[in-house]
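As structure tokens, the structure follows; a few thoughts come after it.
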Amino acid sequence: MRLPIEAVLDDVVAAVKTHGRCVLMAPPGAGKTTRVPLALLPAVQGRILMLEPRRLAARAAAERMAATLGEPVGQTVGYRMRGAAKVSKDTRIEVVTEGILTRIIQSDPELAGIGCVIFDEFHERSLNADLGLALVWEVRGALRDDLAVVVMSATLDAGPVSALLDAAPVVISEGRAFDVETRWLDTPTPKTTRLEQAVADLVLCALDEAGGSALVFLPGEGEIRRTQALLSGRLPADCVLRPLFGAMDFAAQRAAIAPCETGRKVVLATAIAETSLTIEDVRIVVDAGRARRARFDAGSGMSRLVTERVSKAEAEQRRGRAGRVAAGTCFRLWTKGEEGALAGFPPVEIETADLTGFALDLAQWGAREDELALLTPPHAGALAEARSLLVSLGALTPEGRISDHGRALAALPTHPRLGHMLSVAGAQAAPLAALLGERDILRGAGSDLDLRLRAVHTQDRAADRAGLERIRQEAKRLRKGLAQTAPLSTGAMLALAYPDRIGLRRKGDDPRYILSGGKGAALDAQDALAGQRLIVVADTDGHPREARVRMAAPITEAEIRTLFESQIAWQPVCEWSKREGRVVARKRETFGALVLDDRTWPDAPKTEIARAALDGIRQIGLPWSESARRFAARVTLMRGTGIAFPDMSDTALMADLDWLLPYLKGAKSEAALRALDITQALHSLLDWSQTQTLERDVPAQFTTPMGRQVPIDYSGDAPEITVRLQEMFGTTRHPSVGPNRVPLKVTLTSPAQKPLQVTMDIPTFWKTSYTDVRKDMRGRYPRHPWPEDPSVADPTLRAKPRGT
DNA sequence: CTCTCCCT
């Protein structure tokens, strides 16, 4: 059969011959995976390496090409993937899974004997493909200008890839796929309608309007089960309902996609049916419009799942599944209007994934991320977290260079965490590493990892059979070349891989734990491990506030002390306790965020106690006494006049409390702090000349015309004095303070200290209302002077002697 | 409303 790709094969070969590079865009079904490598064979010196994102696809591509040549796999065409290879010295086309390429380049940077590297399905933008392309491009630039590079992609903006590869020629092939009609909703689904209900309704409508079997895309297993429940009994009699998702064992998956003998089938599937599994007779696609994705949180080193709207690229990929065998129809659970708001592409893996292995590969290659041809740069923070984890595992030196231990970890086919565990604990850790590298075989069976290990070692247990077999095989492969070492418990081995996830039970009845990395995690109250004081957490649901533990193992304090001796230390802690309202001085023995032991610290140095007491002040506020307020008010009057004086507002004083440090007198409790008089401390904020100026311009006391000292009250809006009216006789200028000459608020009293007048202007008072005051008072206090013009009278505090 | 999908 003639495939549409054949029309452009000559262009691809020509681009490789003259430019040594090419970007080929062709839709799924165009035949690029099987035709391009064979077409390039005569044009390439040496072997052709083709990368596939999935094992199944790699094997299938090799088989198809070998069949085209009329040979068995392993002669001209072979494949190589983790744990399986069919290649010989005659092999010229080698189909490999993406992770393999990094290994090949790291062990032989010249790529000796390889003439061309093809990246298939590059639009999926896996971390390995991005890294692989960057490394191959560097090899081509530095060591091998004859090395050809071909990037093949279905839906992708070709411009950036072409630019990345120094303006590589772009070849475009139009597809062969059958027409697929797209149907949108007329009106958006109301927010109150559950997704499963809306999907079920749309499926019934689709089956009614179009013929053939249906493929329904849902975000996850839960949605699949609930939609299944809603549909069962409501489907037309000739329809069978089949769920399909990754956690099902292989045989069940095969049964779900098997063609129907009679009638139609409705397959409820996750994204597994987007690329990995092809269902042959589908002519209807129903797209719920959601995608579940892992979001890795570098801070906690854990990932969680989020459900998001699909991107346009994913929706197109799903739509295409209706046109594999004949024209079809795609029903979208959104309106045409809503479609504009969808993202163009799903997030690329390098921006969302755990970068630990990536960072180790970079270190081994000896390049920084910004020196490589990466289409999307990794986030600096995520990369920094990855490197810090690698440093803590001893894989990188603190300067970021790879260590011998790091080289050993890079050679192991596992996450560096598990590699570290294998390298330290030896062969005994192989089953545990295999278990943790696979999907959980006992979902919902409690968190204890030993349950799972027992299932691997024995034949009983109703665990996922195929999963168990994969784990046994994997354990066998991992064990090779590892030494036998002193036996360790499951928890101790796990702690090597997850030193940041050792959990110490919090106080209280709930099985809640604080993890050594600082995050929280909780066990189910019924969980078999719920009584343990110390556990190591292998997996959680990734909830950002407090994650739920999915897999864990108990560990003893003695084991932690042995494994992490150098990281456990006594930390003196002198701090303000909000709860107790006082300074507490303790010594704590800590491992990361865990407190293993906690004792009082009776001989804490005074300076430490004072520092902690300042935190108390920060919490309770400055203990203002009346005299302190008065002083601060005087200083404030000096401000804003061009003369530099400190800001004595609460905010300014609290901003840096060091000035208070020498005046705390060993106060430790809230009561003692509140009893402090801070006047002296405030005085210390002024230097000698400021103090002199203050005393002169804003004195604490007012000197009356008689030479008597009267305190000035600075606590109100205006500075204030109270004085006997007679004592102010002779005053022709109203008294004031400060460089701005702020007038004093003067309360003039009778000889019996009763207020007679409050004035801001004594000379005017003499001339005006004094006359009335004099009239009233002269009779009541006849022995005191009440002159007609007080501005020229002598001040006095005395009365005339009786009888004169 | 328990866990998308891959890979060394």
Side-chain angles (χ1 to χ4, degrees), chain A residues 51-58 80-85 96-107 121 124-132 194-197 217-227 229 244-248 253 269-277 288 290-296 302-308 310 314 317-318 346-347 349 352-354 356-358 360-361 364 409-416 418-419 422 433-434 437-447 464 467 470 474 477-478 524 527 539-543 547-551:
Chain A
L51 270 64
E52 285 295 324
R54 281 165 290 279
R55 298 168 65 97
L56 212 62
R80 186 198 300 268
M81 59 192 70
R82 177 180 181 191
V96 300
T97 42
E98 286 171 346
I100 292 279
L101 178 71
T102 318
R103 291 287 106 80
I104 295 177
I105 298 188
Q106 296 278 25
S107 62
E121 314 279 15
E124 293 190 14
R125 297 296 311 280
S126 73
L127 186 49
N128 276 327
D130 275 11
L131 175 63
R194 289 199 56 166
L195 181 77
E196 291 84 346
Q197 187 63 57
F217 283 102
L218 287 157
E221 182 183 344
E223 289 85 353
I224 287 174
R225 294 207 185 285
R226 288 189 289 274
T227 308
L244 174 63
F245 48 89
M248 288 164 53
Q253 287 182 359
T270 61
I272 195 170
E274 260 175 40
T275 49
S276 307
L277 295 173
R290 301 298 148 94
R292 190 155 286 151
R293 315 183 200 282
R295 188 156 297 164
F296 182 75
M302 296 191 250
S303 65
R304 74 197 153 98
L305 293 174
V306 292
T307 309
E308 296 174 331
V310 278
E314 288 162 301
Q317 177 71 26
R318 293 176 179 187
E349 201 181 356
T352 57
D354 177 2
T356 316
F358 174 82
L360 187 60
D361 280 329
Q364 193 183 10
L409 300 197
L412 291 168
T414 60
H415 189 284
L418 299 178
L422 285 169
E438 285 276 339
R439 198 192 301 270
D440 189 6
I441 44 165
L442 284 179
R443 286 163 63 185
S447 72
D464 169 7
R470 271 200 307 279
E474 183 59 25
R477 271 202 295 276
L478 288 174
D524 220 54
D527 197 282
D539 188 29
T540 74
D541 68 1
H543 193 279
R548 190 149 289 271
V549 176
R550 290 215 192 97
M551 287 193 279

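Chain A is the first sequence line, chain B the second, and so forth, proteins listed ahead of strands; every chain is numbered from 1.
A:Asp527 and A:Ser447 are linked by a side-chain donor-acceptor pair at a separation below 3.5 angstrom, with hydrogens and angles left out of the test. Side-chain contact check for A:Asn128 and A:Ser126: no donor-acceptor pair (N or O, by modelled atom type) lies under 3.5 Å.
A:Gly246 comes within 4.0 angstrom of the backbone, heavy atoms only, and of no base. A:Thr97 comes within 4.0 angstrom of the backbone, heavy atoms only, and of no base. Among the protein residues, A:Thr414 comes within range of the nucleic acid bases, having at least one heavy atom under 4.0 Å from a base atom. Among the protein residues, A:Arg550 comes within range of the nucleic acid bases, having at least one heavy atom under 4.0 Å from a base atom. Across all strands shown, A:Arg55 has heavy atoms under 4.0 Å from sugar-phosphate atoms exclusively, and none from any base. The residue A:Arg103 sits close to a base: some heavy atom pair falls under 4.0 Å. Within 4.0 Å of A:Ala294, counting heavy atoms only, lies at least one base atom of the nucleic acid. If you check every strand for non-hydrogen atoms under 4.0 Å, A:Ile272 touches sugar and phosphate atoms only. Nucleic acid contact class of A:Glu221 (heavy atoms, under 4.0 Å, all strands): sugar-phosphate only.
Place A:Arg292 and A:Pro53 on DNA chain B by their nearest nucleotides, and A:Arg292 ends up nearer the 5' end. Residue order along DNA chain B, read from the 5' end via each residue's closest nucleotide, puts A:Ala271 first among A:Pro413 and A:Ala271.
Counting 5' to 3', DNA chain B first comes under 4.0 angstrom of a heavy atom of chain A and last does so at the ends given by B:dC1 to B:dT8.
Of the residues A:Arg292, A:Glu223, A:Arg290, A:Arg293, the one that meets the side chain to side chain donor-acceptor pair (under 3.5 Å) test with A:Thr307 is A:Arg292.
By the side chain to side chain contact (heavy atoms under 4.5 Å, CB included) test, A:Ala434 pairs with A:Ile471, A:Glu474, A:Ala475, A:Leu478, sequence neighbours left out. Applying the side-chain hydrogen bond (donor to acceptor under 3.5 Å, both in side chains) rule to A:Arg295 yields the partners A:Glu308; only residues at least two apart in sequence or on another chain are considered.
Distance OG1/A:Thr97 to CZ/A:Arg103: 11.0 Å, rounded to 0.5 Å.
Salt bridge present: A:Glu274 and A:Arg318 bring a charged side-chain N and a carboxylate O closer than 4.0 Å.
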